[in-house]
Number of protein chains: 2
Amino acid sequence: MPDTHANPPSCSRATLLAERYGAPQLSGGPWSGTIDTMLSHASVRAYLDTKLPLGTIETLVAAAQSAATSSNLQVWSVVAVEDAERRGRLAELAGGQRHIRQAPLFLAWLADLSRAERVAGAVGVTLEGLPFLETFLVAAIDAALAAQNATVAAESLGLGTCYIGGLRNRPLDVAAELGLPPGAFAIFGLCVGYPDPAYPASAKPRLPPEAVLHREQYDAAPERDAVATFDARLATFQRSQGMAAQGWSQLVANRLRTPASLSGRDRLVAALRALGFGLR
Amino acid sequence: MPDTHANPPSCSRATLLAERYGAPQLSGGPWSGTIDTMLSHASVRAYLDTKLPLGTIETLVAAAQSAATSSNLQVWSVVAVEDAERRGRLAELAGGQRHIRQAPLFLAWLADLSRAERVAGAVGVTLEGLPFLETFLVAAIDAALAAQNATVAAESLGLGTCYIGGLRNRPLDVAAELGLPPGAFAIFGLCVGYPDPAYPASAKPRLPPEAVLHREQYDAAPERDAVATFDARLATFQRSQGMAAQGWSQLVANRLRTPASLSGRDRLVAALRALGFGLR
């Protein structure tokens, strides 16, 4: 339902947009409190050990389940990990990310074709449509839409979050740790907890919209200037965070330069096959 | 920012949960107006021809760009299609979905590795990390997180939306229509417009949470009862919509029974390779 009137922005829209893009922006469009929440997003990597209110997981899952799902197939699941030792082991499997150990809740989001296979099996049907890349992709998209609802829901409650792509570094070990059946794959994680105010997270600047938004057809013409502008803005942000001011172009070049820079995920096809995905 | 206090639910939480699950639910967790918006989600397949307020696309894109993106790589783009004839052609390519023609705005979300390749090329670097399934998956996830923010943002403004997976039926034709460069793939579409009140959309029931939410480790034990319950609830819903009351198990079985039921998407690997994705 619309919240344009019910929920006046508590932060200035101009301020939120300027932080998001690393520079002032025109902002003539419609707006809502929900959009305020989204624009305020910053990945949180330092958490208090404060417990979450009772029922938080259930609320986040209800929000996640309310996202669209292709043909209502619901080919995703989530494992809620609160046990500190398991969080510690998952932190190591994801490349030693301390915030997984620190946040009271870790959600492992699953692309999950195993439930569909069981359910169809119970009515005597073998699903010949399962072992295709398309079907894996449906599960991946379903999981991502669900997780993003949970993320925004958590942030609307004053909680912080951090996506963990490192959960794909060692998929078989993660599957063993979470007891996953064949056909289920932990596609990414999400830390959830109260941000530690001693280490405030900052909204990370994004490309100028003209580099990602195209009208009617793809047009790369405005990209060159937009990226040059963004290289400078991101360098300023990186400096403000005490990071090396490499800009964005170098960040992209370094992150994807070699297969080794994928942290083991260059072997994802083999791992997914071992987990029961056909990917045809 | 939290909106728990600023934005009291305008609909009853109990009503929203009962519609989402097709039966009353306990609801003791924390809540917000943003979560109200999410729980109210229903895919809209009938639109008024009312134009969107000026600046709507820019607001939706700012929300989309505020979603998390792996390593700030921002490997997604979006093509905003307003031209009625192009929407008509895309409607045909997506399997004849009339609502693409009807809604004033169609957003084609792209998994886009082409920008990263151009940007790294400009600093003299060849990205050997590009032709991997992992990198395609990062782009797919980035696009989905962005699109879901845009979706919830649109709904918070009183607009309706509908995801269009049918955009993957004929990926090469869609790429030609949108003028996509190699390395860009239209992963799904999104209709955006004002819902036609003459054809109100209903929230589609989802599986009981115990079928998708696992604690500490995956546990399929509660699934059988949950699915039986859900088969009955979904049949009731289907009947209320004038649809065949097949329940959920049969829906899953029918949707994925054969490769032919994937509407051409069983050839997605070949299409992606033709579009420049390595998928190694």
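Within every chain, numbering begins at 1; the chains are lettered A, B, ... in the order of the sequence lines, protein sequences first and strands thereafter. Only this structure's heavy atoms are used, side chains among them; waters, hydrogens and symmetry mates stay out.
- Contacts between A:A186 and chain B at a heavy-atom distance below 4.5 Å are absent for every atom of the residue.
- Residue A:P131: no heavy atom, backbone or side chain, is found under 4.5 Å from chain B.
- B:L234 touches chain A through its side chain: at least one heavy atom from C-beta onward sits under 4.5 Å away, while N, CA, C and O do not.
- When heavy atoms are compared at a cutoff of 4.5 Å, A:D112 approaches chain B solely by way of its side chain, counted from C-beta outward.
- Contact of B:L262 with chain A is made through the side chain alone, with heavy-atom distances under 4.5 Å.
- Side-chain contact of A:S32 with B:S156: a donor-acceptor pair under 3.5 Å is present, judged by distance alone.
- Residue B:G179 comes nearest to A:Q217 through the heavy atom pair N-NE2, 3.8 Å, listed as atom of the first residue, atom of the second, then distance.
- Only the side chain of A:L137 has a heavy atom closer than 4.5 Å to any heavy atom of chain B.
- Contact annotation for A:Q65: both backbone and side-chain heavy atoms come within less than 4.5 Å of a heavy atom of chain B.
- With a 4.5 angstrom heavy-atom cutoff, A:R86 touches chain B only via side-chain atoms.
- Within the 4.5 angstrom heavy-atom criterion, only side-chain atoms of B:L17, from C-beta onward, approach chain A.
- Here A:R13 does not pair with B:E58 in a salt bridge; the nearest charged N to carboxylate O distance is not below 4.0 Å.
- In this structure, chain A has heavy atoms under 4.5 Å from both the backbone and the side chain of B:S71.
- For a residue to count as touching a neighbouring chain, one of its non-hydrogen atoms must lie under 4.5 Å from one of that chain's; by this rule B:T151 does not touch chain A.
- Heavy atoms of A:L159 lying under 4.5 Å from chain B are absent altogether.
- Between the side chain of A:Q148 and the backbone N or O of B:A146, no donor-acceptor pair lies under 3.5 Å.
- Only the side chain of A:T135 has a heavy atom closer than 4.5 Å to any heavy atom of chain B.
- For the residue pair A:N72 and B:R255, no side-chain donor N or O sits within less than 3.5 Å of a side-chain acceptor on the partner.
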In sequence, state the C-alpha distance, the side-chain angles, and the governing distance for B:L268 and A:F132, and then conclude on side-chain contact (heavy atoms from CB on, under 4.5 Å). CA-CA 8 Å; B:L268 184 63; A:F132 287 85; over 6 Å; no
Test side-chain contact (heavy atoms from CB on, under 4.5 Å) applied to A:L207 and B:R115, step by step: CA-CA 11 Å; A:L207 283 162; B:R115 183 169 51 239; 3.5 Å; yes
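- Between the side chains of A:Y163 and B:T69, not a single donor N or O lies within less than 3.5 Å of an accepting N or O.
- At a 4.5 Å heavy-atom cutoff, B:L52 makes no contact with chain A through either its backbone or its side chain.
- Of the atoms belonging to A:L60, not a single heavy atom falls under 4.5 Å from chain B.
- A salt bridge does not link B:R267 to A:E134: none of the charged side-chain nitrogens sits closer than 4.0 Å to a carboxylate oxygen.
- Contacts of B:A153 with chain A are made by both backbone and side-chain atoms, with heavy-atom separations under 4.5 Å.
- Neither the backbone nor the side chain of B:Q25 comes within less than 4.5 Å of any heavy atom in chain A.
- Using a 4.5 Å cut-off between heavy atoms, B:R20 touches chain A through its side chain atoms alone.
- Of all the heavy atoms in A:W248 and B:L73, the pair that sits closest is CZ2-O, 3.1 Å.
- Contacts of B:T126 with chain A are made by backbone atoms alone, with heavy-atom separations under 4.5 Å and no side-chain atom involved.
- Heavy atoms of A:Y21 lying under 4.5 Å from chain B belong exclusively to its side chain.
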